[in-house]
Amino acid sequence: MNTIKVLILMGSASDRPVMQKAEAVLDDFGVPYKTMIRSAHRTPEATVQAVKEAEEAGCQLFICAAGMAAHLAGVVCSKTVKPVIGVPVASGPLHGQDALLSTVMMPPGLPVATVGINAAKNAGLLAVQMLAQNDASLTEKLKADRITQAEAILAED
Ligand code: RP5
């Protein structure tokens, strides 16, 4: 695996349309990442292996997206002490309510920073904010992004 700062994992290829918004943010900020499809339930061993290989490649944090009984972020959290951001995906008959609770309600001692249902853009931005703690260039880009957002809202008057 080439050097990366973020590993994006998603439970199924069907999650990809949602997660492309996180990829777009990382692309915009110039953060090197890799995306893989790994499932807590369908490919548990391969999921653990992906975490191990990502850390060896320099990965600083994980973004994990899954729908329904969404245990991917929790399983990844159990295998690393790097930050894990969870994205509950609205797939299935409960429209992401199940994934939200499965992702956010971790037992004490194993935190997953959970964003809103399908909120992949925020997951990408939170990842950039975490990396910006040790990167002045990313900090400046984030400040510029906030100004751009404000200007866009005000321009809608
Ligand atoms: C979850 O089940 C996946 O993350 C996806 O959101 C959902 C449905 O998966 P597919 O049946 O589309 O593969 O594990």
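Each ligand, and each atom within it, is numbered from 1 in the order the structure gives. We use all heavy atoms of the structure for the numbers below, so side chains are in, but hydrogens, waters and symmetry mates are not.
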Undergrad: Name each N or O atom in ligand 1 that is under 3.5 Å from a protein N or O, and give the partner atom and the distance.
TA:
from: ligand 1; atom 1: 4 (O); to: D15; atom 2: OD2; distance (Å): 2.6
from: ligand 1; atom 1: 4 (O); to: G67; atom 2: N; distance (Å): 3.0
from: ligand 1; atom 1: 6 (O); to: D15; atom 2: OD1; distance (Å): 2.6
from: ligand 1; atom 1: 6 (O); to: G67; atom 2: N; distance (Å): 3.1
from: ligand 1; atom 1: 6 (O); to: S91; atom 2: OG; distance (Å): 2.7
from: ligand 1; atom 1: 11 (O); to: R42; atom 2: NH2; distance (Å): 3.4
from: ligand 1; atom 1: 12 (O); to: S12; atom 2: OG; distance (Å): 3.4
from: ligand 1; atom 1: 12 (O); to: S14; atom 2: OG; distance (Å): 2.7
from: ligand 1; atom 1: 13 (O); to: S12; atom 2: OG; distance (Å): 2.7
from: ligand 1; atom 1: 13 (O); to: R42; atom 2: NH1; distance (Å): 2.9

Undergrad: Can we say E23 and R16 salt-bridge, meaning some charged N sits less than 4.0 Å from an Asp/Glu carboxylate O?
TA: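 Yes, this pair counts.
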Undergrad: Checking the side chain of T80 only, and the main-chain atoms of V76 only, is there a donor and an acceptor separated by less than 3.5 Å?
TA: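 Checking the backbone N and O of V76 against the side chain of T80, no donor-acceptor pair under 3.5 Å is found.
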Undergrad: Check the side chains of Q49 and E53 for a donor-acceptor pair under 3.5 angstrom, ignoring hydrogens and angles.
TA: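 Yes, a side-chain donor-acceptor pair sits under 3.5 Å.
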Undergrad: Look at the side-chain heavy atoms of Ile, Leu, Val, Met, Phe, Trp and Tyr, link any pair under 4.5 Å apart, and say whether V89 and L125 land in one connected group.
TA: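 Yes: a chain of side-chain contacts under 4.5 Å links V89 to L125.
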Undergrad: Can I85 be reached from L100 by stepping across I, L, V, M, F, W or Y side chains whose heavy atoms are under 4.5 Å apart?
TA: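 In one cluster with L100: I85, no.
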Undergrad: Are V87 and V31 grouped together when hydrophobic residues (ILVMFWY) are joined by side-chain heavy atoms under 4.5 angstrom apart?
TA: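 Yes, V87 connects to V31 through the hydrophobic network.
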